[in-house]
Asker: 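Next up is a structure, given as structure tokens.
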Amino acid sequence: MIAHQPIHTLPEALQAAGFAGQIETDSALRAAMATDNSVYQITPDLVVAPRDAADVVRVLQVLQDPAFADVALTPRGGGTGTNGQSLNRGLILDLRRHMTRVLEINAKDGWADVEPGVVLDALNDALRPHGWFFAPETSTSTRCTIGGMVSTDASGKGSRIYGKTSDNVLGLEVARPEGLLSSLGPAPDWAVPVLAQAERAAREGKAAFVANTPRLNRRFTGYDLDRACSEGGGFDWWRLFLGAEGTLGPITRIRVKLRRIEPEKRLIVAGFATFRDALAAATPLLADDPTAIEVMDEWVQRIAQEAGILAGLPPALRPEGPVAYVFVEFNGHDAAGIDARVATCLDRLRALPGQVALYQARDLAEIRRLWAIRSAGVGLLAKVDGPSRPVAFVEDCVVPPENLPAFVDDFLDVLRDNGLGFGIYGHVDVGCLHIRPALNIDSATDRARLVAVSDAVFALTRKHGGIFWGEHGKGMRGAYLPEWIGPAAYAALQGVKAAFDPAERFNPGKLVTLRRDRMGIATTPFRPFNAPDGDALDKAFRCNGNAQCLSYQAATPMCPSFKATGDLRQSPKGRADALRAWKSGGAVAEADLLAVLDSCLGCKACASTCPVQVDIPSMRTAFYQSHYSRHTRPLPDRLTLLAERHSGVALRVAGLARPLWPLLRPMAERLLGAVDLPERLARPVPRHDRIALADLGKPLPAGTVLLWQDWFTALFDGQVALDAVAGLRALGYRPLVVGMHPAGKAAQSLGAQGAFDAMAARLVAALTRAAASQVPMIGLDPAFVMHLRQDYPKAGYAPPALMLPQEFLSAELAAGRRFPSVVQGDGPQPRILSHCTETTALPEAGAQWAQVFAAIGLKAVPEATGCCGMAGLFGHQARHQPVSRRLFDMSWRPHVEAAAPVVATGFSCRCQAERLSGRALRHPLALVAEALGNAPAA
Ligand SMILES: Cc1cc2nc3c(=O)[nH]c(=O)nc-3n(C[C@H](O)[C@H](O)[C@H](O)COP(=O)(O)OP(=O)(O)OC[C@H]3O[C@@H](n4cnc5c(N)ncnc54)[C@H](O)[C@@H]3O)c2cc1C
Ligand code: SF4
Ligand code: SF4
């Protein structure tokens, strides 16, 4: 056991030693670091994020103090391990936070040096302009790090041709207490005895190791004694670290081998009547030497079909009944050569038994779309209802491809014997299948099944000449290693461990142990799996830690607070972990939980984009309800609630208050802890463009459309109503703006349920009355419309449909309506920037606007952006300024400051653009009006 006593003095010792990175004991961050994509949970004591390699050495030096002799150290990258690889007690070394630099790209010789925390996609973004790429392609490429890939020897699609990560690494630098040890230069004197000891052990065990590890493409790595001891007598010690899962110490620099980008791509998708037919296709298709062959079974096809995802497939790929799909990809430089192989492959497929559908894609965008459909289908495996869900523990076995059908038959017998459901997909070209049986980890019966199935499948992989850990690494499954590798080879692995980590400090209890207890698949603590029935925090328990929400890309909506900070606790995963720990009585302080919930922008990207739809804002509401039933709300929150509730009155007196607003505004900012509140109160909409509440529901003339606004827009953005009226009128409609009823968005997000209910009931009643007029109803602000669409039903309200302007107009076009049109000038094409809440819930939002513009003769281009950083009041709150401004700089500034005309759909976004770049953006309907010669009043 590791003693925890002295660890509380470690932060001080690290600071005294000049450690430059972050040292964190925050309970919400520790809760976030306690999980990965596995069923396990181990809460660390401390999280340390070094700035650079020298900082890592400083940590190791401080740990040499005998007071810290028992402190465990476990490196962590993206935390996407499926079997608890990066989970441990003691100190977590978070390499993803700061060590993310691409240090050198040698475009001439085809290699790059990187820090371990670089995310795979970020590396390939940096390499693309040089014409190179780093080949191992994981499904987690948006968030897994190169350090994690090296340490699990990751691989994926195309590995038959490109190899695993270990086939694409040229050298490493690792940190030791004495300094840095690099394989790219001579070993320093202090390292010589360590390397000599490791070499002795490796040479002694090599023959036994080779005898017990099958010669497969997905070869066994992690202390690879075979490749470390080269035939010529050299000792490539660094190869021992490939796949070692941090158990030999932290890697601080990696030299990766690059490959030339292959410009030519073709994809064949074939449907088979049964999964067995699809599996049997693998061996014959290998004759055409494709880059990758992937399969997806009928179970995945069915859930994808039910979710509507398969509607995006070409009709040729949608025959009646269940289908198992085979995806065959060809990449290369020689178009003619590839086409010839594709033609042979198509012929071969036509002749295969059970083949029922066939399609070839040559266009890169279409190929990407087809792969995305496949990924989305597979992602749905995580989204099943009920207490049992697919879990990773036997998910990446590899057998020789020719043994695959027989292996699968045996595997499925095991699952049936245990009464378990499952979905299957995987890389059949290398004999690797992903099978995640559905279990309820809270139940003792299912925990026993986990062990029984695991033992049985382990035995099956041996029977069929395969490897139990073919892709995702070992983690807790390393418990099978001694039995698998045999006593002689295992003793050699222990010799290697003893050379590099005699104190068993690095990721202790995993893979190879000397004196410590080994972590087992059933003895490691499991994370709570299900919330109590009907609990509002259910989704926090359903978050499976796949880390899809950790996007670093500026143009994606998910998740702005993580993107701006790189801080795991400020991600949907981090917040879900903290909420789950709080609910299940875990070690999370309520103050730490409040802090991570406060930093959420409420943009809802998680609710739409996470495969499990982990909806953090809804759970925050539930937590606030509980918290503020026991504690007093802060004054700014109370004032915000008051302002929203009485906004109708405020709107009525806005005409009088308008001249006073410049004096009231600084006072409001002080009381609310806000900055940059809007400078003007809105002018009232002209009387002839309004409809009184009393007139709602009466018959209205043909062409009438009713426009609805939320309180913030009505109070501060008079322009959008004028723009919408002018734009719709120019298109031939008769728009009328309805008197405002607040929707209660602030009340709901602050957990003031009573206030929300009162406002929601009034608004729903007004909408229902208005719906009797049977004219289209449009909501002007996307955040308002999405609130009604997403949150009202969850709260038990069923308001009549409120459309976004572009939804209404594109539906009109589809119904055959024609709009007046103009001839576009020579200037730059207008850009459309959509609100992120809108694009995540309605990905076609930008395309619908483009369609509307096309109908009036203009080409307007929807731009992909992330969140602008405003998100209602968030960007006005003084405490959130750094994050709000960083997000605008990352995701919006380049678009806003482009030379072209720019329009934005969201009021928040227009406010943010105006205050941070000084450019006043208008709503797209203003552009419609101007183009059609009906310029709205400014
Ligand atoms: C949905 C999903 C799909 C996946 N698909 C694939 C796939 O297609 N192919 C595949 O190979 N894997 C896949 N995985 C598994 C996982 O993504 C990979 O193993 C990945 O390489 C882990 O990288 P990471 O940065 O998240 O590492 P982590 O999970 O953070 O760490 C993994 C291990 O590496 C060690 N480590 C990390 N950095 C260092 C370092 N600098 N020095 C020493 N040790 C270090 C950690 O201690 C840990 O033991 C998938 C996982 C999920 C959740
Ligand atoms: S919040 Fe969603 S995307 Fe993020 S880790 Fe959890 S399940 Fe995955
Ligand atoms: S609402 Fe937005 S900021 Fe908050 S957790 Fe979800 S994605 Fe992140």
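Just so you know, ligand 1 is whichever comes first in the structure, and atom 1 is the first atom listed for that ligand. None of these values were measured; they are calculated from a predicted model.
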Asker: Can you tell which part of Pro617 has a heavy atom less than 4.0 Å from ligand 3: side chain, backbone, both or neither?
Answerer: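 Pro617 to ligand 3: side-chain contact only, backbone stays beyond 4.0 Å.
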
Asker: With respect to Pro250, determine whether any N or O atom, backbone or side chain, lies less than 3.5 Å from an N or O atom of ligand 1.
Answerer: no

Asker: Has ligand 1 got any nitrogen or oxygen that is less than 3.5 angstrom from a nitrogen or oxygen of Gln85?
Answerer: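 It does: an N or O of Gln85 is found under 3.5 Å from an N or O of ligand 1.
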
Asker: Please indicate whether any nitrogen or oxygen in Gly81 is less than 3.5 Å from any nitrogen or oxygen in ligand 1.
Answerer: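 Checking ligand 1 against Gly81, an N or O pair does fall under 3.5 Å apart.
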
Asker: I'd like to check which ligand 2 atoms, numbered from 1 as shown, lie under 4.0 Å from a non-hydrogen atom of Gly545.
Answerer: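 So the answer, numbered in order with elements, is 5 (S).
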
Asker: Using a 3.5 Å cut-off on N or O atoms only, is His427 in polar contact with ligand 1?
Answerer: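 So ligand 1 has no N or O lying under 3.5 Å from an N or O of His427.
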
Asker: Counting only heavy atoms, which portion of Ala547 has something under 4.0 Å from ligand 2: side chain, backbone, both, or neither?
Answerer: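 The answer is the backbone of Ala547.
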
Asker: With a heavy-atom distance limit of 4.0 Å, tell me whether Thr138 approaches ligand 1 through its side chain, its backbone, both, or neither.
Answerer: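 For Thr138, the contact with ligand 1 is made by both the backbone and the side chain.
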
Asker: For ligand 1, find out whether one of its N or O atoms is nearer than 3.5 Å to an N or O atom of Gly79.
Answerer: yes

Asker: Determine whether Phe220 and Phe468 satisfy the following criterion, ring pair (Phe, Tyr, Trp, His ring centres under 6.0 Å), listing intermediate values before the conclusion.
Answerer: CA-CA 9 Å; Phe220 177 85; Phe468 189 48; over 10 Å; no

Asker: Would you say atom 2 (Fe) of ligand 3 has Cys600 as a near neighbour, meaning an N/O/S atom of that residue under 2.8 Å away?
Answerer: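 Checking Cys600: none of its N, O or S atoms is under 2.8 Å.
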
Asker: Backbone, side chain, both or neither: what part of Asn546 comes under 4.0 angstrom of ligand 2, heavy atoms only?
Answerer: both

Asker: Under 3.5 Å between any N/O of Ile251 and any N/O of ligand 1: does that happen in this structure?
Answerer: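 Indeed, backbone or side chain, Ile251 has an N or O that close.
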
Asker: Side chain, backbone, both or neither: which applies to Arg575 and ligand 3 if a contact is any heavy-atom pair less than 4.0 Å apart?
Answerer: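 Only the side chain of Arg575 comes within reach of ligand 3.
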
Asker: Strictly below 4.0 Å, N to O, side chains only: are Arg89 and Asp45 in salt-bridge contact?
Answerer: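 So Arg89 does not pair with Asp45 through a salt bridge.
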
Asker: Show me which atoms of ligand 2 lie under 4.0 Å from any heavy atom of Gln548.
Answerer: 3 (S)

Asker: Taking distance alone, with N or O pairs closer than 3.5 Å, would you say Ser151 contacts ligand 1?
Answerer: yes

Asker: Decide, counting backbone as well as side-chain atoms, whether Cys559 has an N, O or S atom less than 2.8 Å from atom 4 (Fe) of ligand 2.
Answerer: no

Asker: Under 3.5 Å between any N/O of Thr74 and any N/O of ligand 1: does that happen in this structure?
Answerer: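 N/O-N/O distance under 3.5 Å: no.
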
Asker: Any nitrogen or oxygen of Arg76, side chain or backbone, less than 3.5 Å from one on ligand 1?
Answerer: no

Asker: Cation-pi check, Arg389 to Phe529: give yes when NZ or CZ is under 6.0 Å from the six-membered ring centre and within 45° of the ring axis, no otherwise.
Answerer: yes

Asker: Salt bridge or not between Asp153 and Arg219? Use side-chain N to carboxylate O under 4.0 Å.
Answerer: no

Asker: Out of Ser749, Ala871, Cys606, whose heavy atom sits nearest atom 7 (S) of ligand 3?
Answerer: Cys606

Asker: Do any N/O atoms on Gly77 end up under 3.5 angstrom from N/O atoms on ligand 1?
Answerer: yes

